[in-house]
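For the numbers below, each heavy atom of this structure counts, side chains included, while hydrogens, waters and symmetry mates do not.
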Amino acid sequence: MDVASLKGPGVAKSAHVNMMTDTIITNMSPAGLRIIMRSLLAAHPSAVSTFEAETRRYITATMMPDTDTTTIPAPDSSSGLETLKTRLQTIRCMIGCGLCFQSLPLLGDLATQAVQMCVPTSQGDENATPNALRDDFLAAVDGDVVQAVTAIEKSLVSDRGRRTLSSDERQAVTGVYQTLRDCHAMTAERRLEFPYTRAFLATAGMLGEKATLGDKETAAPAEANPGDATDSNGDGHGNGYEKFALNGRQLPRIFAGLWQLSSSAWGSAPTSKIISHLSSHVTSGLTAFDMADHYGDAEILVGMFLSSNPRRDRVFAATKLCVFHPMTVTREAIKANITERCRRLQSERLDLLQFHWQDYDDPQYLDALRFIAEDERVLTLGLCNFDTEHLEKVVAAGIKIHTNQVQFSLVDSRPTASMGPVCEKHGVKLLTYGTLCGGFLSDKWVGKPEPGLYEESITPSQRKYHGVIRAWGGWSLFQQLLQVLAAIATKHGVSISNVATRWVLDFPYVGAVLVGTRVGISEHIEENAASFGWSLDREDKAQIDGILAVSQRQQMLESMGDCGGEYR
């Protein structure tokens, strides 16, 4: 008899997998098992901790090196880069399941081996310029060290703020930091670009070390004729980009969202390309960037860019202070967090600090906001994912709020219900994300069949917004919306994404739309800017309203709650 089928008192809580289930596991493809696992964890979030614990046990028992050594053997010449890629996959699993400190010596070894394998030994080497495959792998290692450091930062959070590293933990971080220094010396000797700038700066920051590299990739490229064209705002750009006023600043109505730096799921790029893309945004007039304390090394990269930009005053850096777990709010803890944001951004002030508080039942969020508001280093104070009720409570407490960052799109119009009118009343501007639904609101999805929720090709953002589309009305109605948007886009000579962005921008309480930016990997500056300079006419709005009228947009307030309710 199958033990798992037994019921009643005294039966063990854990049993073997029944034979039929084991048959599925044995014969299902790896891709299929991944899809099923994602579905199970999405349907049963309480199982995530068990999944992570079992992953830790498996990795510790089968994949980690012997306890008497902290290194992994170098690959032989026949295995090469593919062996290193397989090892990187194992390390990523370690980071994901909480073995972040244990992953550091392995990451250090892998970083060294990758440099030795991918970087030419001399200028005369026929491989003097590493090919794209090698560049991509080095960038992946660089990004994964950052992910490990980010995971460690999260593990240090306690109810009284951020605890310090223990001696053993500090030793582990110091080990990989020293390894990266050695790799830097190796590439500097050969006068080659250092591939681990992001990792070096992240580990140095955790140790409190003042990191200096002097590499050309850390400097912002010189702008082409900066200041030659001057518009009425005096920002050096005559491009006609729409702007809005925020606490005395004139800002573009599209911010570059850097949340994709929080995961390697969107790819990794060399630091030099990331800095170059940031510079391209600023040169074009899209001078505002949105990030957070938990978006990987986004703050560090923007700080690096700011420190080398002669026109730092033109760049607007918005970041966040997010409290996801219970904490005891003190003035000292809040001040320390602001100090950390300034350090990472290499700035004495924060253009905009947006505050997220997870548990509304704990009223300490008002104390935290008061402490932030009285810190002179915070020039502008905003909120992130606050609902209307608690936004009003903050305002009633006498705390000046300038912005609230919330989800807002054609398929999630919850801000139009109560948030928008309250923002207009109190002079609060919305900064909106999810406006393109992870890329679903684009020309490429017109006429396409509904994707499987957990298909390998679907990004983490699309998995999220796929659920939003279902709650809004389903894929069939969404296709009708895309057809209407396509006709409007053709009429105005723009793209569906531009129409979707324009629809949100036309609400008077919206300051700017945040568009996710895969910096260093792909640029869509001109494409995004095509959302400016025109408006939807009465006929356009009537066609869109015809689709929205038969959607479940009103019911979403009940199923998802007010703005930010989907996270609580």
Side-chain angles (χ1 to χ4, degrees), residues 157 159 161 244-249 251 255 290-294 316-338 341 349-408 412-434 507-512 514 557 560-568:
V157 175
D159 62 351
F244 75 108
L246 181 61
N247 197 22
R249 294 284 298 269
L251 303 176
F255 282 24
D290 177 78
M291 65 213 86
D293 47 5
H294 60 286
F316 188 85
T319 191
K320 303 181 185 73
L321 190 168
C322 298
V323 181
F324 297 110
H325 306 287
M327 73 169 290
T328 300
V329 172
T330 64
R331 181 177 281 100
E332 291 71 25
I334 296 300
K335 182 178 179 180
N337 193 297
I338 294 172
R341 308 278 68 74
R349 55 179 170 73
L350 302 177
D351 295 328
L352 171 63
L353 184 62
Q354 302 160 95
F355 180 72
H356 173 93
W357 183 265
Q358 189 70 17
D359 183 10
Y360 289 142
D361 290 334
D362 183 351
Q364 289 185 98
Y365 65 90
L366 292 173
D367 294 328
L369 283 165
R370 288 190 184 98
F371 294 147
I372 296 172
E374 66 185 36
D375 194 311
E376 294 181 352
R377 294 172 297 176
V378 179
L379 300 182
T380 306
L381 175 58
L383 301 174
C384 181
N385 286 321
F386 266 62
D387 62 17
T388 308
E389 176 187 352
H390 292 89
L391 168 62
E392 288 190 293
K393 286 184 177 181
V394 172
V395 173
I399 302 169
K400 177 58 180 175
I401 297 298
H402 294 271
T403 64
N404 187 20
Q405 185 174 140
V406 295
Q407 186 169 293
F408 191 9
D412 182 6
S413 58
R414 288 175 296 161
T416 63
S418 57
M419 176 64 72
V422 168
C423 285
E424 280 199 279
K425 177 181 177 181
H426 297 293
V428 176
K429 287 294 187 180
L430 291 183
L431 304 179
T432 73
Y433 63 90
F507 287 91
Y509 43 80
V510 171
L514 278 58
L557 271 171
M560 297 175 67
D562 196 8
C563 299
E566 64 272 30
Y567 298 111
R568 294 178 173 87

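- The side-chain heavy atoms of Cys423 and Leu391, taken from C-beta on, include a pair separated by under 4.5 Å.
- For Glu392, the side chain to side chain donor-acceptor pair (under 3.5 Å) criterion is met by no residue, not counting sequence neighbours.
- Lys400 and Gly427 get closest at one heavy-atom pair: NZ-O, 4.4 Å.
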- Task: Verify side-chain contact (heavy atoms from CB on, under 4.5 Å) between Val323 and Gln364, making sure each step is shown before the conclusion.
- Result: CA-CA 11 Å; Val323 181; Gln364 289 185 98; over 6 Å; no
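- Considering CG of Leu352 and NE2 of His402, their distance stands at 9.0 Å, rounded to 0.5 Å.
- Rounded to the nearest 0.5 Å, atoms CZ (Phe316) and CG (Leu251) are 5.0 Å apart.
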- Task: Kindly determine whether Phe408 and Leu514 satisfy side-chain contact (heavy atoms from CB on, under 4.5 Å), including the steps that lead there.
- Result: CA-CA 10 Å; Phe408 191 9; Leu514 278 58; over 6 Å; no
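- Between the side chain of Asp387 and the main chain of Asp562, no donor-acceptor pair closer than 3.5 Å is present.
- Here the closest non-hydrogen pair linking Arg370 and Ala397 is NH2-CB, 3.8 Å.
- For the atom pair Thr380 OG1 and Arg349 CZ, the distance stands at 10.0 Å (nearest 0.5 Å).
- Remark: the backbone N or O of Tyr433 is not paired with any side-chain donor or acceptor of Gln407 at under 3.5 angstrom.
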- Item | Derivation and outcome, side-chain contact (heavy atoms from CB on, under 4.5 Å), residues Lys335 and Asp375 | CA-CA 8 Å; Lys335 182 178 179 180; Asp375 194 311; 4.3 Å; yes
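- Across all their heavy atoms, Asp293 and Cys322 have their closest contact at OD2-N, 3.1 Å.
- Centroid-to-centroid, the aromatic rings of Phe386 and Tyr360 come within less than 6.0 Å.
- Counted by atom type alone, Gln358 and His356 present one or more donor-acceptor pairs between their side chains at under 3.5 Å.
- No donor-acceptor distance shorter than 3.5 angstrom exists from the side chain of Thr403 to the backbone of Lys429, with no hydrogens or angles considered.
- None of Ile399, Asn404, Val428 except one satisfies the side chain to side chain contact (heavy atoms under 4.5 Å, CB included) rule with Leu383; the exception is Asn404.
- Proximity of a side-chain donor or acceptor of Asn247 to a complementary backbone N or O of Leu379 within less than 3.5 Å is detected.
- Nearest approach of Ala512 to Phe244, heavy atoms of both residues: CB-CE2, 3.8 Å.
- Two residues are said to be in side-chain contact when any heavy atoms from C-beta on lie closer than 4.5 Å; Gln405 and Asp290 meet this criterion.
- From Leu430, atom CG reaches atom CD of Glu424 across 9.5 Å, with rounding to the nearest 0.5 Å.
- Shown are Val378, Asn337, Val329; of these, the side chain to side chain contact (heavy atoms under 4.5 Å, CB included) with Phe371 is made only by Val329.
- Side chains of Gln354 and Leu431 form a contact here, defined as non-hydrogen atoms less than 4.5 Å apart.
- Shortest non-hydrogen contact noted between Gly382 and Ile401 is CA-CG2, 4.4 Å.
- Residue pairs meeting the salt bridge (charged side-chain N to carboxylate O under 4.0 Å, His left out) criterion with at least one partner in residues 352-361, sequence neighbours excluded, are absent.
- In this structure, the separation between SG on Cys384 and CZ on Phe355 is 10.5 Å, given to the nearest 0.5 Å.
- The shortest non-hydrogen separation linking Met327 to Ala333 is CE-CB, 4.1 Å.
- Arg377 pairs with exactly one of Ile372, Ile338, Leu353 by the side chain to side chain contact (heavy atoms under 4.5 Å, CB included) rule, that one being Ile338.
- Counting heavy atoms of neighbouring residues, nucleotides and ligands inside a 6.0 Å radius, atom NZ of Lys425 does not exceed 12 of them.
- If you take CG on Leu366 and NE2 on His390, they are separated by 9.0 Å, rounding to the nearest 0.5 Å.
- Although no hydrogens or angles enter the test, the distance criterion places a donor-acceptor pair under 3.5 Å between the side chain of Trp357 and the main chain of Asp362.
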- Evaluate the criterion side-chain contact (heavy atoms from CB on, under 4.5 Å) for residue pair Lys393 and Tyr365; output intermediate values, then yes/no. CA-CA 10 Å; Lys393 286 184 177 181; Tyr365 65 90; 3.6 Å; yes
